[in-house]
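We name chains A, B, ... by the order of the sequence lines, and we start the count at 1 in each one. All values reported here derive from a predicted model rather than from experimental measurement.
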Number of protein chains: 2
Amino acid sequence: MSDRSGPATIRDVARRAGVSTATVSRVLAGIGNPKVETSGAVLAAVEALDYRPSAVARSLRMRRTNTFGLIVTDIQNPFFPELVQAADDAARKVGYSILLGSAAFDEHRAVHYLDLMADRRVDGMIVASSQVAEESWRWLSESPVPVVVVNAEPANVPITVITSDNRAGLRTAAEHLIGLGHRRMAYVRGLEGITADQPRVEGFRAACRDAGIPDADLIELRGDAQFAGGERAVSELLSSGGDVTAIACHNDITAIGALRALRAARIRVPADISVVGCDDIAAASWVVPALTTIAQQKADMGRMAVERLLAMLDAREGGIVPETIRVPMVLQVRESTGPARLGGIGS
Amino acid sequence: MSDRSGPATIRDVARRAGVSTATVSRVLAGIGNPKVETSGAVLAAVEALDYRPSAVARSLRMRRTNTFGLIVTDIQNPFFPELVQAADDAARKVGYSILLGSAAFDEHRAVHYLDLMADRRVDGMIVASSQVAEESWRWLSESPVPVVVVNAEPANVPITVITSDNRAGLRTAAEHLIGLGHRRMAYVRGLEGITADQPRVEGFRAACRDAGIPDADLIELRGDAQFAGGERAVSELLSSGGDVTAIACHNDITAIGALRALRAARIRVPADISVVGCDDIAAASWVVPALTTIAQQKADMGRMAVERLLAMLDAREGGIVPETIRVPMVLQVRESTGPARLGGIGS
DNA sequence: GGCCATCCTGTAATCGATTGCCTTGGGCGT
DNA sequence: ACGCCCAAGGCAATCGATTACAGGATGGCC
């Protein structure tokens, strides 16, 4: 009858050590200064019974779970794992764990996870998903549990946001291309309505304007933030005779799709056309030519999100004012960009 | 004083509805048949207070958390997210959630997560990581909580395993190449000691033997299951003058590295050399030429792992005998394989 | 020797739910 | 009109930890 019913409890330990549960708890927490024989007996009993305190019971009593919820748009998008890993690292370091939810592009799932995490009484939430309705943002911002939003910008809701500086990032991309002599360019946008879509084109356009390139000269195409969208957009561009020397894309996956379309059309990159992506996922350096891209500091963002949450927890009631933090993006030059050709594609 | 201290509890609801907590609990659980006015009052109170039962308290009382732990080798490896997503889908469908841990190639972290999940009293664990020491496997197999191991095969430990049929898979790969006329081939192995490494080479070799290709004719190279290893192994092969018409790789990332080395050497794929990978990650179809590969049924495996866990939970004490399930791998022909050239590389 | 401060440890309440058992009361049969 | 039975719902124990408070032993000091 050693383990009649599940793992050993604090009472089993107390009994075996011949002390009260209070003492066991105190010895393990290292408070008070127990006599050596007492703590010795407790530790021996702990060892013998292979006792591990139940986080469930502790959470109930302490009213905190030492858990943060993290909701991402889609765990299969290579952007997120790095964010998740960084958040997990930072959390683990201070004794927290991460409960992950992948919305898989589905608003209902996102809401489901919001509820789930509320039910689980997580101590804080990181929401890295734009699959969240207006109404849910409001609910989140009014919730008593600390929330940090990553890479989304709910309009008119006072809430802490950590986001890549998309506008500045794509401005950098444009400047890089313009510096290489490109003036006739195309931009493949992301999925309509995705948060980053708007600021990215705008940043790109702004740099063009500054360089004196007429708005009308920039060809805007619609992608879907996936491989297929990039491939389709660019092959349509080519078949409709669009004559550009550079293509910028909403993200790397789109850019990789673009590379494939160009290759299918026997157009050389970067000799004939330069391509630039955005995000810097691992595959960006695997493709040929390796993709020049604007890197998001995913790991930093994950770490910052957790740190922010911890700060909010400390400040409890002190009230940290919601703030929008823009993390710079950095230009990563690889092989897919080069000097603009002078003539047309056919030359 | 609406919410003096955190979320509403069942007692708040009971008070407001003028009933006991027992009744609230029963109404919400849908047991007994409460009078309409009672259940009406309860539901109204629930609504008004925005009451959500605490999963923490419930877990303590019910002695189950409705949570499964899932430990993966490295969430940044594109193989895992799909597994995670599938497991999460299957779990969510029956009211469970997944607590994720990424060992990040570190044995200590893997053990840390094992402990963490034990403390959290998860109802079952899926271990998709070979970063687990012999001793931990034994501990797991003796643990009273159901465990399913994915893509690892602890030796001499009675435990339920779900794994891709690596041997048969790579046999298929070899047969595909041999069918295309290849006889002088190279195989880039994975990281030494990684579980899948051995069976994969063996499967490949077995098919070669069956086709009458002398063992000595197969050139074996050591990679690291990453991009860099594939690239390095193949460029060394080329510079040492190895003359092959096909290269099989431990996994897709390695194969993508191989493609890059071949390209750098101006060797055409598949015209000069065919390349085949293994896993079928998303990037396999992004690269040029798109990679022929042996696909692992990642989603199936994730789903099966959860189903297995649920079955073990049902069978409680009935005792399901540990069993090793081999999931077939399927050949995915894309562009990187073709008929063998007749002459040498230089011809 | 007596008194008080100090140090350890035990007692019991508490966190928020679920559930076995018991009470209450209404309906129905005779 | 009386008694029986059953349905509805309340009481209180329980899950496994933490912690405020109380109490007993010990030692120091006068």
Colleague: With the criterion being N/O to N/O and under 3.5 Å, what pairs connect the protein with nucleotides 24-28 of chain D, and how long is each?
Modeller:
none

Colleague: Can you tell me how far P of dT18(D) sits from CZ of R58(A), to the nearest Å?
Modeller: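 Rounding to the nearest Å, CZ of R58(A) and P of dT18(D) are 5 Å apart.
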
Colleague: Who are the side-chain contact (heavy atoms from CB on, under 4.5 Å) partners of P154(B), not counting sequence neighbours?
Modeller: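 side-chain contact (heavy atoms from CB on, under 4.5 Å) list for P154(B), sorted by chain: W137(B), V149(B), V157(B), I159(B), V161(B).
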
Colleague: Take the protein atom CD1 of I31(A) and the nucleotide atom P of dA20(D), then report the distance between them rounded to whole Å.
Modeller: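 Computing the I31(A):CD1 to dA20(D):P distance gives 8 Å.
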
Colleague: With a 4.0 Å cut-off on heavy atoms, is S25(A) in touch with a base, just the backbone sugar-phosphate, or nothing at all?
Modeller: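 Base contact.
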
Colleague: Taking the side chain of R61(A) as its heavy atoms from C-beta onward, which of dC15(D), dC15(C), dT19(C) lies nearest to it?
Modeller: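 Selected nucleotide (nearest to the side chain): dC15(C).
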
Colleague: What residues, two or more places apart in sequence or in another chain, satisfy salt bridge (charged side-chain N to carboxylate O under 4.0 Å, His left out) together with D300(A)?
Modeller: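 Testing D300(A) for salt bridge (charged side-chain N to carboxylate O under 4.0 Å, His left out), a comparison that skips the adjacent residues, returns R303(A).
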
Colleague: Taking only residues two or more places apart in sequence or in another chain, which ones pass side-chain contact (heavy atoms from CB on, under 4.5 Å) with Q85(A)?
Modeller: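 Q85(A): side-chain contact (heavy atoms from CB on, under 4.5 Å) contacts with D89(A), D74(B), I75(B), Q76(B), S102(B), A104(B), R109(B).
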
Colleague: Which residues pass the side-chain contact (heavy atoms from CB on, under 4.5 Å) test with S20(B), sequence neighbours left out?
Modeller: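 Result, side-chain contact (heavy atoms from CB on, under 4.5 Å) vs S20(B): A22(B), T23(B).
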
Colleague: Once salt bridge (charged side-chain N to carboxylate O under 4.0 Å, His left out) is applied, do any residues pair with R61(A), and if so which ones, sequence neighbours excluded?
Modeller: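 With sequence neighbours excluded, R61(A) shows a salt bridge (charged side-chain N to carboxylate O under 4.0 Å, His left out) to no residue whatsoever.
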
Colleague: Taking five pairs at each end of the helix from dG1(C)-dC30(D) to dT30(C)-dA1(D), what angle separates the two helix axes (nearest 10°)?
Modeller: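 End-to-end axis angle: 60°.
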
Colleague: List the steps and the verdict of salt bridge (Lys or Arg N to Asp or Glu O under 4.0 Å) for E307(A) and K93(A).
Modeller: CA-CA 11 Å; E307(A) 285 168 358; K93(A) 215 162 281 170; over 6 Å; no

Colleague: Looking at residues at least two apart in the chain, or sitting in another chain, which of them share a ring-ring contact (aromatic ring centres under 6.0 Å, His included) with Y96(A)?
Modeller: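 Counting only residues at least two positions away or on another chain, Y96(A) forms a ring-ring contact (aromatic ring centres under 6.0 Å, His included) with F68(A).
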
Colleague: Indicate for each nucleotide in nucleotides 4-9 of chain D, in 5' to 3' sequence, whether protein heavy atoms under 4.0 Å reach the base (B), only the sugar-phosphate (S), or nothing (-).
Modeller: ----SB

Colleague: Taking atom P of dA17(D) as reference, at what distance in whole Å does atom CZ of R64(A) sit?
Modeller: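 It works out to 17 Å between those atoms.
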
Colleague: In whole angstroms, how far is the P atom of dT19(C) from the CD1 atom of I10(B)?
Modeller: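 In whole Å, dT19(C) P and I10(B) CD1 are 11 Å from each other.
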
Colleague: Using the salt bridge (Lys or Arg N to Asp or Glu O under 4.0 Å) rule, collect all pairs that involve residues 128-143 of chain A, keeping only residues at least two apart or in two chains.
Modeller: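 For residues 128-143 of chain A: E134(A)-R138(A).
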
Colleague: List in chain and number order the residues that pass salt bridge (charged side-chain N to carboxylate O under 4.0 Å, His left out) with E323(A), two or more places apart in sequence or in another chain; answer none if no residue qualifies.
Modeller: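 Partners of E323(A) under the salt bridge (charged side-chain N to carboxylate O under 4.0 Å, His left out) test: R308(A).
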
Colleague: Calculate the interatomic distance between M62(B) atom CE and dG16(D) atom P; express it in whole Å.
Modeller: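 Going from CE in M62(B) over to P in dG16(D) covers 14 Å.
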
Colleague: How many whole angstroms separate atom CZ of R15(B) from atom C1' of dG10(D)?
Modeller: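 To the nearest whole Å, that distance equals 15 Å.
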
Colleague: Calculate the interatomic distance between R11(A) atom CZ and dC15(D) atom P; express it in whole Å.
Modeller: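 My rounded result for the distance is 6 Å.
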
Colleague: Taking the minimum atom-to-atom distance to the side chain of A22(A), which one of dC15(C), dA12(C), dT19(C) wins?
Modeller: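 Side chain of A22(A) sits closest to dA12(C).
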
Colleague: List the atom of F80(A), the atom of A128(A), and the distance in Å for their closest heavy-atom pair.
Modeller: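 The pair with the smallest heavy-atom distance is CE2-O, 3.5 Å.
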
Colleague: Considering residues at least two apart in sequence or located in another chain, which fulfil the side-chain hydrogen bond (donor to acceptor under 3.5 Å, both in side chains) criterion with D119(A)?
Modeller: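 side-chain hydrogen bond (donor to acceptor under 3.5 Å, both in side chains) check on D119(A) returns R52(B).
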
Colleague: Atom CG of L28(B) to atom P of dA17(C): distance rounded to whole Å?
Modeller: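 About 10 Å, once rounded to whole Å.
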
